J.: 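Take a look at this one; I'll ask things after.
Quantities reported herein were computed from a predicted structural model and do not represent experimental measurements. Throughout, protein chains are lettered first and strands after them, A, B, ... in sequence-line order, and every chain is numbered starting at 1. Note: hydrogens, waters and symmetry copies are ignored here, and every other heavy atom, side chains too, is used.
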There are 2 protein chains.
Amino acid sequence: MSRVTIKEIARRCGVSQGAVSYALNNQPGVSEATRARVLKVAAELEWVPNRAARQLSAARSETFGLVLARSAQTLIEEPYFMGFVGGVESVLSEKSFALALQVVADLDEEIATYRKWSAERRVDGVIVVDLRVADPRIPVLRKLGLPAVLVGDPALADGMPCVWTDGTAAMTAALDHVESLGHRVIARVAGPPEFGDVWIRDQAYDVAARRLALTASIHHTDYSATQGADATRDVLAAIPRPTAIIYDNDLMAVAGMAVIQALGLRIPDDITLVAWDDSALCRITHPTLTALSHNVVGYGAEVMHRLLDVLAGAQPQSHLYSTPLLLIRESSAPR
Amino acid sequence: MSRVTIKEIARRCGVSQGAVSYALNNQPGVSEATRARVLKVAAELEWVPNRAARQLSAARSETFGLVLARSAQTLIEEPYFMGFVGGVESVLSEKSFALALQVVADLDEEIATYRKWSAERRVDGVIVVDLRVADPRIPVLRKLGLPAVLVGDPALADGMPCVWTDGTAAMTAALDHVESLGHRVIARVAGPPEFGDVWIRDQAYDVAARRLALTASIHHTDYSATQGADATRDVLAAIPRPTAIIYDNDLMAVAGMAVIQALGLRIPDDITLVAWDDSALCRITHPTLTALSHNVVGYGAEVMHRLLDVLAGAQPQSHLYSTPLLLIRESSAPR
DNA sequence: CTTCGTTACTTAACCGGTTCGGCTTATCAA
DNA sequence: TTGATAAGCCGAACCGGTTAAGTAACGAAG
């Protein structure tokens, strides 16, 4: 029941409470000798700062927020998020900061959460994921003055600090890849069009397809395995039938693969598949999946570092984390 | 910049701060008329309680803790956790409580986190997952007096409150299933033996195999896709070769499936597969996977409810959430 | 020797709530 | 009319830190 307070430390050291505070926070105002003595006593008593007290007086919570506006079901299916959260955590825990994680149903609830957190002074800053086209969260965050880092393309961030991966370059690489294998009719099974990343990829896909003179279609889904399978059926029914499909995540790619195989078509002989978000899934299927790979854990860590920069007073800037790398595996074959 | 405090409300209502506090907290000590007036003004000013202040004086943080001692990599691969967290969240958010989530490397760090949280008064209670055999966390939590609900079999909980699913019954159902299909030589690809759930299943597997007079082997892994694939290769090399394999999670089952298919064996004609933790994966493979299914999101919610019960003063008790249900799909076939 | 500026503290206000003892006033039985 | 009881409210202490303002001691500059 260690209820050690700085008052107790002050008593034992024979100095005032204030001096102890200065000593413990590495601030000027005490001599090195006193500081050392205070630190020693604090360590002996196993003193741990009371978060609430510190937050109340210092107006810093040392907590950062992350709201996920996705159904619990999606979160189970998408390995992506947990990895991202793990990356964010890795930065926080070494500084012994905390993460407030909230799962909500939609964007309105997400905005309400920001309002609440801001009013409660619950968090020092937030990470905003799943950036949308003309994202309604941006003006709210601006108005609240809540420090934030957006995860997504600068074109969507409206001047706020953001971290992004180059979806355009990745998509271009994917199309160059399938074109170089001789494919001329291709399809894209995409996420929801209101998502910024999807929009960026859609643009890049169209541009590259035109440049390479490919026949190319886009099928939008909600990212789920079910809709990924349905979209794949649509793709296969098209005439002429595409010989390569590029998926927006690996879950849909795996679902699509099952559909294709169930119809008696062979991968990669009949159809080439490319996935996005290279999780373990891409390596355990048979055949293994060609994928646009990026380090999700590292991405989470990078975003958190940028948020700390923003709190330290850095000017808002966009920061390119990386370009997803095309890893060519067994699901790719020449036409 | 809403910096509305109860002091301001008190001023406007012409009552004392204390009276406002009673009114807002639905406590006796103010007349209904006053309470109504206070509530009205509070609503008008959009007052939101300051968490830190409330926590400091009330010694309640309204925050609950969950530590995951797994690598970020595992967390990405295992869809399980995100679903569980989502379930926990769903209960917390409707009461506007918060979740402190921490990802650490091992059990020692997990214990250190509990110590820190307890000293800081950071959380009101914790959820403990991945229960071990003779779990070292139990005595620590007891000593700290930190309210907790364990997720795992009562046999492992040492009298602490716990929520569990009946792994023994589930495993028995799985073996009855494969035996009824005529399989006589079977294998189990299990998780790490130090995990309580794995241990429980190991026991049940042995007992059922003996009862049914089956030739049965167990191969322990770290739950990863890689080791699941390796274990599957070991299984296939055994003589006599098993005709049915039961996996401890769906990730390994999918990995195993790829290995089997790559070797030219057919599922389910040559080998029957049964998975555990029925996520989307089991339904998107070809063939689809027979699995022991349970509602992970509901499980998380249930556990959180029990923790709230414990904090409300409930006696420690074990609580059976459910028995995983065997869903028979295409990967099952008669010998 | 006075004056000024540092350094090393102490004191006390403050953050925004909760809670307890005590003071008024109204209510009601004796 | 009086005394007991309770409801309603006030004032102030308190939670555990941070920090602005004040003070004493001391060395250097004028």
J.: Sequence neighbours left out, what pairs pass salt bridge (Lys or Arg N to Asp or Glu O under 4.0 Å) with at least one residue falling in residues 147-165 of chain B?
T.: R142(B)-D158(B)
J.: Test: ring pair (Phe, Tyr, Trp, His ring centres under 6.0 Å). Region: residues 101-129 of chain A. Which pairs qualify, not counting sequence neighbours?
T.: none
J.: Under the salt bridge (Lys or Arg N to Asp or Glu O under 4.0 Å) definition, can you give me all pairs with a residue in residues 23-41 of chain B, not counting sequence neighbours?
T.: E32(B)-R35(B), K40(B)-E44(B)
J.: Can you give one letter per nucleotide of nucleotides 12-23 of chain D, 5' to 3': B if a protein heavy atom sits under 4.0 Å from the base, S if only from the sugar-phosphate, - if neither?
T.: ---BBBBBB---
J.: Please enumerate all residues that pass side chain to side chain contact (heavy atoms under 4.5 Å, CB included) together with D130(A), with sequence neighbours excluded.
T.: R70(A), F81(A), R132(A), F195(A)
J.: Under the side chain to side chain contact (heavy atoms under 4.5 Å, CB included) test, which residues partner A10(B), sequence neighbours left out?
T.: V20(B)
J.: By the ring pair (Phe, Tyr, Trp, His ring centres under 6.0 Å) test, which pairs, at least two apart or in different chains, include something from residues 45-73 of chain A?
T.: F64(A)-F97(A)
J.: Could you give all pairs that pass the salt bridge (Lys or Arg N to Asp or Glu O under 4.0 Å) test and reach residues 294-308 of chain B, with sequence neighbours left out?
T.: E302(B)-R306(B), R306(B)-D309(B)
J.: Grab the CZ-C1' distance between R51(A) and dG17(C) for me, whole Å please.
T.: 19 Å
J.: What nitrogen or oxygen pairs link the protein and nucleotides 22-28 of chain C at under 3.5 Å?
T.:
none

J.: Quick check on E94(A): does its CD atom have over 12 non-hydrogen neighbours (other residues, nucleotides or ligands) under 6.0 Å away?
T.: yes
J.: What residue pairs, at least two apart or across chains, pass ring pair (Phe, Tyr, Trp, His ring centres under 6.0 Å) with a residue in residues 122-149 of chain B?
T.: none
J.: If the condition is ring pair (Phe, Tyr, Trp, His ring centres under 6.0 Å), which residues does Y22(B) pass it with, not counting sequence neighbours?
T.: none
J.: With 3.5 Å as the limit, what N/O pairs link the protein to nucleotides 5-7 of chain C?
T.:
none

